[in-house]
Amino acid sequence: MKKFLLLTLALCGAILPSTVLMAQDTKTIDDILPCRGLAIEAPSHKGVDKFVKFIEQDLAPAHINLLILRVDWNYDYESHPELKDENPLTKKDVKRLVNVCRTHGIKIAPQINLLGHQSWAKTTYALLREYPQFDETPSVKTENYEKWPNEWGLYCKSYCPLHPDVHKVVFSLIDEICDVFETDTFHAGMDEVFYIGEKECPRCNGKDKAELYAGEVTAIRNHLAEKGRKLMIWGDRLLDGRTTGLGEWEASYNYTWRAIDMIPKDVMICDWHYERADLTGVYFAMKGLDVAECGYNRSDTSAQQLADIVRFRAQSSKEVASHLRGYIHTIWSGADRFLRAFDDVKAGKGNGRDSDAAALKRVLSDMTDLYNSVQK
């Protein structure tokens with residue numbers, strides 16, 4: 001006899017309509033929500049102890065099974081020591097993170113921001129600082145940055161994806177960071193790419209921006225595939241910002257959105273929306289791409305995104321549902337600072353519903369409730 005499992009999630013003080021799932025088809029939390037993730041900056045060298053406790057005391061009990069760690073230059077790289085930050089994570093630090101995650105069934109996907117996000121405000125990050133020849137827009141000087149918008153269109157720098165030497169450096173970093181984290185999954189960032197195919201670049205000038213973007217995604221994916229590894233990226237550059245009304249941050253104004261039909265189908269998309277629970281995850285799934293919805297600092301919006309992905313999986317065809325993988329919460333402050341704020345929220349000292357710490361507390365609670373409802 002068929003049994004039905006009723007799953008409910010509370011939102012805004014009300015109960016969402018129940019999602020009805022067939023117990024014979026969905027027997028575990030992994031069936032209902034395969035990907036339950038957190039994306040956060042990797043801790044500092046001195047913050048590893050506290051981060052390990054965070055994994056043990058907060059993430060594991062909520063049944064998080066994916067941890068995306070933004071490492072960037074915060075590792076003691078041996079392949080390119082010139083690119084490491086001061087006082088970076090050591091191999092011993094990383095192994096502590098690997099071991100605690102393995103104990104609790106959490107996969108780690110280290111992230112290095114590739115293509116875009118090679119600078120922030122007046123700071124040029126390590127790759128373009130040490131290899132200025134890779135810069136897509138060398139005439140634009142980060143030291144002149146004051147605010148957005150500005151006369152140079154500068155938000156963050158990009159590297160030139162067609163420079164003949166850039167992948168020699170990038171791929172060695174990818175290999176090293178995946179090896180030390182003992183993982184088969186890597187996150188390349190690739191969000192908010194404003195500089196691509198610029199006129200001043202002798203290699204990219206006149207090239208189709210969508211083809212350039214897709215080419216870089218494909219190059220990174222193919223390199224990872226050689227060692228049986230998978231690629232994850234943020235999804236904003238694959239959405240048409242004008243047609244959808246999503247704008248130039250959560251989506252693309254520079255025509256990279258056409259790359260959605262050019263990239264390999266085994267790239268996983270992290271579909272972030274922070275002000276509203278926009279329903280673009282289904283679009284990616286219908287294109288044959290695995291996708292997870294991603295929230296941030298609004299508790300109700302994040303809870304809605306989590307509830308939506310459960311509902312989408314229950315109400316979609318088997319083919320589409322297979323690509324709707326789950327939910328990944330995102331944190332964009334430094335890990336050490338965030339954990340202090342998160343401790344305050346747990347102690348009842350937080351600043352309301354709309355903060356990154358409060359939103360994560362809500363999401364972890366809802367994930368725990370979801371797990372418990374499956375167990376009954």
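In this chain, numbering begins with 1 at the start of the sequence shown.
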Legend entry - Phe171 and His167 aromatic ring geometry - parallel, tilted or perpendicular at 30°/60° bounds: parallel
Inset, instruction - Verify the distance criterion only: is there a donor paired with an acceptor across the side chains of Thr124 and Thr142 at less than 3.5 Å? - result: yes
Inset, instruction - Please step through side-chain contact (heavy atoms from CB on, under 4.5 Å) for the pair Ile174 and Leu114, ending with a clear verdict. - result: CA-CA 10 Å; Ile174 291 174; Leu114 299 183; 3.9 Å; yes
Inset, instruction - Flag the pair Met232 / Val267 as yes when at least one side-chain heavy-atom distance between them is below 4.5 Å, and no otherwise. - result: no
Inset, instruction - Would you check if there is a donor-acceptor pair between the side chains of His273 and Asp271 at a distance under 3.5 Å? - result: yes
Legend entry - Distance-minimising heavy-atom pair for Lys91 and Val180: CG-CG2, 3.8 Å
Inset, instruction - Would you mind reporting whether Leu127 and Trp73 have side-chain heavy atoms less than 4.5 Å apart? - result: yes
Legend entry - From CG (Leu115) to CE (Met190), nearest 0.5 Å: 4.5 Å
Inset, instruction - Would you please indicate yes or no on a ring centroid separation below 6.0 angstrom for Tyr274 and Tyr296? - result: yes
Legend entry - Distance-minimising heavy-atom pair for Gln304 and Ala277: CG-CB, 3.7 Å
Legend entry - Residue pair Thr90 / His45, side-chain donor-acceptor N/O under 3.5 Å: no
Legend entry - Rounded distance (nearest 0.5 Å) linking atom OG of Ser44 with atom CG of Asp336: 3.5 Å
Legend entry - Separation of Asp290 CG from Ser322 OG (nearest 0.5 Å): 7.0 Å
Legend entry - Lys53, NZ atom: more than 12 neighbouring heavy atoms under 6.0 Å: no
Legend entry - Nearest-0.5 Å distance, CD of residue Gln111 to CG of residue Leu69: 9.5 Å
Inset, instruction - Scan for salt bridge (charged side-chain N to carboxylate O under 4.0 Å, His left out) pairs involving residues 136-165, sequence neighbours excluded, and state none if there are none. - result: Asp135-Lys157, Asp165-Lys168
Inset, instruction - Examine distances only and state if a side-chain atom of Thr256 and a backbone atom of Tyr213 form a donor-acceptor pair shorter than 3.5 Å. - result: no
Legend entry - Taking every non-hydrogen atom, the tightest pair across Pro264 and Leu289: O-CD2, 3.6 Å
Inset, instruction - Using a 4.5 Å cut-off on heavy atoms from C-beta on, say whether the side chain of Phe54 contacts that of Leu59. - result: yes
Inset, instruction - Report the relative orientation of the aromatic rings in Tyr327 and His329; use parallel for angles under 30°, tilted for 30 to 60°, perpendicular for over 60°. - result: tilted
Inset, instruction - Please lay out, stage by stage, how Trp249 and Tyr155 fare under the test ring pair (Phe, Tyr, Trp, His ring centres under 6.0 Å). - result: CA-CA 11 Å; Trp249 302 96; Tyr155 172 57; 4.6 Å; yes
Inset, instruction - Compare every heavy atom of Lys230 with every heavy atom of Leu224, then report the nearest pair and how far apart it is. - result: CD1-O, 3.8 Å
Legend entry - Whether Ser172 side chain and Val169 backbone form a donor-acceptor pair below 3.5 Å: yes
Legend entry - Asn150 side chain to Leu154 backbone, donor-acceptor under 3.5 Å: yes
Legend entry - Output field: ring centroids Trp152/Phe194 closer than 6.0 Å: no
Legend entry - 4.5 Å side-chain heavy-atom contact, Asn65 and Lys107: no
Legend entry - His163 side chain near Cys201 side chain, heavy-atom distance below 4.5 Å: no
Inset, instruction - Return the orientation label for the Trp234 and His187 ring planes: parallel under 30°, perpendicular over 60°, tilted otherwise. - result: tilted
Legend entry - Minimum heavy-atom distance between Glu41 and Ser333, given as atom pair plus value: CB-O, 4.1 Å
Inset, instruction - Considering non-hydrogen atoms only, spot the tightest contact between Pro61 and Glu56 and give its length. - result: CD-O, 3.3 Å
Inset, instruction - Return yes when atom NZ of Lys209 has more than 12 non-hydrogen atoms of other residues, nucleotides or ligands closer than 6.0 Å, and no otherwise. - result: yes
Inset, instruction - Would you indicate whether Lys199, at its atom NZ, is surrounded by more than 12 heavy atoms from other residues, nucleotides or ligands within a distance under 6.0 Å? - result: no
